[in-house]
Structures are given as C-alpha cells and as structure tokens.
Amino acid sequence: MAFIKISIIFIFSLIIILNIPKSNTVTSTSIQSGAWLGEWPSSSAKNIESFESMTNYKQHYIHTFINTNQSLNDWKSFMDYTASTGAINFLTLELKKPDGTDYSTVDVNKGLLDEKLIKIANQLKSWNNGSEIYLRIMHEVNGNWYGWSIGDSNINTNETYKEAFIRIVQIFKNAGAENIKFIYNINAENVGSNASFMNAYPGDKYVDYVSMDGYNWGTLKLSEGSEHCNPIEHCHSWLSFRAVFDAPYNALTTHSKRPVIIAEYASSELGGDKAKWIYDVAYQLKSGTYPRLKAVIWFHENKETDWRVNSSNETLEAYKRIYE
C-alpha cells in the first residue's frame, strides 16, 4: 500500500509539473549575427577576432562594401580571411563609374556594366572552390541618395530597377555562379517621390533573401541635403527597434516568401539610452517578433554619429547580451 501511495503521489506531482505554464521569458535566439567592422577585414590587423573578442560572440557574416571599379584581386585577401574565421562574406556591390559616381538603372540596362559584371561573376564563382557568397546589389532602392535609387529620380523607375536587377542576376547565372546568393534591399523609410518598399521588387525567382536597413538616429541633427535625411530624422526623435523595422518587415514578408535579413542597423547615443535600446533588440529577437528574420548585421562605424557597439561601456555590455 505504501508503494502504491508513493507511486500515485509521484504521478500526480509529475502531471502538475508538466502542466505548469511556460515562462514568457525567452532566453536565447537562433537569429544569426553579423557586422560591418567599419573597414575591410584584415588578416594582419585581425579585426574580426578583435570584434569577436570584444563582443564575446562569433559572427556568422562579415559585411563588406565593394564596388565595380574593383575586382577579386582587391577582395581576395579579406574574403579569404573572413572565410578562415568561419564567417560568410556578405558583400554590398556598389555600381560605380570610373569617376566614382553611381551608375543608374538605365545605365545597367544599356549594358554599360556587362563586361565588368561578367568578369566579377567569373571571379566570384571560382573563389574558394565555389564557396557561398551573399551579394547585395543596388541597395536602399527606396531612398534618394544613390544613382540607382527610385526616390526623386528622373531616371530610375520601378520597372527600370526590376530590369536592371534581373539583368545582373542573369549575368551571374549565365556565368555559372550558383554560389552567389542575391539580396534585395530596402531602407526602413521611403524617401523621395515614387519611393516604395516593394514596387521595384523583381520577384522571388531572382532573389534569395530580402533585407532592410534601419537606424535609430536619435536626436542627431542632419543638415538639409545630407545623406539619409528624411522626415522622420528631421523630427529628431528617439525610435525603438520596432518603430524602425515593423513597417519594412511587414512589407517584405507580405510581398516575398524569402527569409529576411537586417543588413544594416545601429543606434545613436544621442537623445536616449542606447544600451536600453539594445536590450530591447535582444528581447525582440528572442521573443520572435519577426519570425522570418534570419540574421541581423550591426553597422559598427563612427560615421554620421558613433554607431559602434562600444560607443560606451554600457552599450557594449548590452550588445553582449543579444545572442546569449
């Protein structure tokens, strides 16, 4: 009888334990991390290891900005180094003329870049035995600050952008560069007339990942005509992570079935608590606010303001908590 009573008590206790409601606290995230280091990766400077040591976290992606006036001869060193750390090369390819100005989508559609793009495609398909490369082309389409952007443009339209994007993808496909993953990218705010999140989207057939860039500018004051000026920024208000990304995320996931990447994000220290802002990022990522989100890539540079993860000790400590 004693054995039976103990067994009944054990079973009853087990039932109670199994039916205890789960805590709302989420303690980990499967979302991958990445960073633009503020400079090209360098094996001599070991800046990837330095960043990872500082943040206590290994990066899945290293973001690097390159342009069409360059070639694999310029990139191979940092790409090899990035791969040696186990990270994937996430490249933003800017379409630059020899004088440093931007090509427009109309220029692309005229074939003015074909020769360069064919060369780049053939080089990248053979790099590191065909290792995977993420390639972001004609980024921030819905802004007004790049030569290929739609906002306020008298040259670029949604249709010319789609045509140019598809043309570039086809050049790489025709070269056999199956290791390249193409990324469509929008700014977190539509800036300029005719700008929109998805009206220029070329379609999932030509895109592997959709992505968005967004910043909490805080009360940073930008002079009229500065790069990235828009009505939100002119309000000089502090924006939460969700205030920055809810709208573009909803647009991307409504019009595409592809996974989502935040290709650039960061916060200013001006006008609020940056460390608290980052703690909220950690909460949003861990609580599944954006279920289609695959990766987030921090813009670690002192540029318009100090976007770096170590702009203060408190900020750095907060950043270390994102991926715990």
Side-chain angles (χ1 to χ4, degrees), residues 25-65 78-92 128 131-134 136 181 183 185 209 211-216 240-242 244-245 249 259-269 273-303 305-324:
T25 302
V26 183
T27 58
S28 64
T29 178
S30 60
I31 294 172
Q32 297 173 330
S33 68
W36 154 246
L37 303 176
E39 59 185 356
W40 280 10
S42 167
S43 58
S44 59
K46 295 191 178 299
N47 48 358
I48 295 177
E49 288 93 339
S50 294
F51 185 83
E52 292 178 340
S53 175
M54 176 177 67
T55 59
N56 290 340
Y57 200 80
K58 192 160 187 64
Q59 301 303 302
H60 294 91
Y61 305 93
I62 296 297
H63 189 172
T64 311
F65 292 83
F78 80 71
M79 290 181 67
D80 288 350
Y81 168 51
T82 296
S84 74
T85 69
I88 293 174
N89 280 282
F90 186 110
L91 307 179
T92 291
N128 201 27
S131 293
E132 189 173 65
I133 299 168
Y134 284 40
R136 187 172 70 145
K181 304 303 178 184
I183 300 170
N185 178 258
Y209 298 98
S211 67
M212 50 190 178
D213 297 350
Y215 295 84
N216 170 32
S240 70
F241 183 69
R242 290 197 61 179
V244 174
F245 286 114
Y249 176 84
V260 179
I261 295 172
I262 294 179
E264 298 179 30
Y265 84 112
S267 173
S268 169
E269 293 275 6
D273 189 330
K274 183 173 177 178
K276 186 176 180 181
W277 190 89
I278 294 175
Y279 281 123
D280 179 60
V281 171
Y283 173 77
Q284 301 303 334
L285 297 185
K286 293 171 184 177
S287 61
T289 300
Y290 303 129
R292 296 255 300 275
L293 188 61
K294 173 185 174 69
V296 294
I297 300 176
W298 189 275
F299 191 86
H300 181 70
E301 183 176 356
N302 190 351
K303 193 179 177 186
T305 187
D306 196 345
W307 303 113
R308 295 175 300 174
V309 299
N310 60 338
S311 53
S312 69
N313 291 333
E314 294 78 12
T315 292
L316 179 57
E317 289 306 308
Y319 184 82
K320 292 178 179 179
R321 298 289 296 277
I322 292 181
Y323 303 103
E324 286 184 344

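Just the heavy atoms: all of them, side chains too, but no hydrogens, waters or symmetry mates, feed the values below. What you see is a predicted model, and the numbers here were worked out from it, not measured in a lab.
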| message | I need the Ile48 CD1 to Gln59 CD distance, nearest 0.5 Å. | response | 9.0 Å

| message | For Glu52 and Tyr57, which I'm curious about, is there any donor-acceptor pair between the side chains at under 3.5 Å? | response | no

| query | Can you check side-chain hydrogen bond (donor to acceptor under 3.5 Å, both in side chains) on Glu269 and Thr315, steps first, answer last? | reply | CA-CA 9 Å; Glu269 293 275 6; Thr315 292; 2.8 Å; yes

| field | Rounded distance (nearest 0.5 Å) linking atom OH of Tyr134 with atom CG of Asn89 | value | 11.5 Å

| request: State, to 0.1 Å, how close Val309 and His300 come at their nearest heavy-atom pair, and which atoms those are. | output: N-ND1, 3.1 Å

| remark: Residues Tyr81 and Pro41: closest non-hydrogen pair is CD2-CB, 3.7 Å

| Say you draw a straight line from OG of Ser30 to NZ of Lys286; how long is it, rounded to the nearest 0.5 Å? | 12.0 Å

| said: Please evaluate residues Val296 and Tyr323 with respect to the criterion side chain to side chain contact (heavy atoms under 4.5 Å, CB included), reporting the C-alpha separation (whole Å), side-chain torsions for both, the decisive distance (0.1 Å), and the verdict. | reply: CA-CA 11 Å; Val296 294; Tyr323 303 103; 3.0 Å; yes

| Ring centers of Trp298, Tyr319 separated by less than 6.0 Å | yes

| query | Using a distance-only test with no angle check, is there a side-chain donor-acceptor pair under 3.5 angstrom linking Tyr215 and Tyr265? | reply | no

| How about Ser211 and Asn185: does a side-chain donor come under 3.5 Å of a side-chain acceptor? | yes

| task | Kindly give the heavy-atom pair with the smallest separation between Lys58 and Thr85, and that separation in Å. | result | NZ-O, 2.6 Å

| Under 3.5 Å: donor-acceptor pair, side chain of Asn128, backbone of Ser131 | no

| request: Could you pull out the closest heavy-atom pair between Ala35 and Ile297, with the gap in Å? | output: N-CG2, 3.5 Å

| Is any side-chain heavy atom of Met79 closer than 4.5 Å to a side-chain heavy atom of Leu91? | yes

| query | Between atom CG of Leu285 and atom CD1 of Ile31, what is the distance when rounded to the nearest 0.5 Å? | reply | 4.5 Å

| What do the steps show when you test Ile262 against Tyr249 for side chain to side chain contact (heavy atoms under 4.5 Å, CB included), and what is the final call? | CA-CA 9 Å; Ile262 294 179; Tyr249 176 84; over 6 Å; no

| message | If only side-chain N and O atoms count, and only distance matters, is there a donor-acceptor pair under 3.5 Å linking Asp280 with Gln284? | response | yes

| task | Measure across Thr55 and Lys320 and return the closest heavy-atom pair with its distance rounded to 0.1 Å. | result | O-CG, 3.5 Å

| request: Before giving the answer on side chain to side chain contact (heavy atoms under 4.5 Å, CB included), spell out for Arg308 and Phe51 the whole-Å C-alpha distance, their side-chain angles and the decisive distance to 0.1 Å. | output: CA-CA 11 Å; Arg308 295 175 300 174; Phe51 185 83; over 6 Å; no

| request: Determine yes or no for a side-chain-to-main-chain donor-acceptor pair under 3.5 angstrom, with Ser311 supplying the side chain and Trp307 the backbone. | output: no

| Does any N or O in the side chain of Gln32 come within less than 3.5 Å of the main-chain N or O of His60, such that one atom is a donor and the other an acceptor? | no

| message | Would you say Glu264 and Trp36 are linked by a side-chain donor-acceptor pair, where the criterion is simply a distance under 3.5 Å? | response | no

| query | At their closest point, which heavy atom of Arg136 faces which heavy atom of Asp213, and how far apart are they? | reply | NH1-OD2, 2.7 Å

| query | Got Val260 and Tyr209 here, is their nearest side-chain heavy-atom distance under 4.5 Å? | reply | no

| Ser53 side-chain N/O to Ser50 backbone N/O, donor-acceptor pair under 3.5 Å | no

| query | For Lys274 and Ser312, does a side-chain donor sit closer than 3.5 Å to a side-chain acceptor? | reply | no

| message | Tell me if the aromatic rings of Tyr279 and Tyr283 count as close, with their centers under 6.0 Å from one another. | response | no

| message | Would you compute the distance between atom CZ of Phe90 and atom CD1 of Ile133 and round it to the nearest 0.5 angstrom? | response | 12.5 Å

| task | Indicate whether any N or O donor in one side chain lies under 3.5 Å from an N or O acceptor in the other, for Asn216 and Ser267. | result | yes

| query | Atom NE2 in His63, atom OG1 in Thr92: separation rounded to 0.5 Å? | reply | 2.5 Å

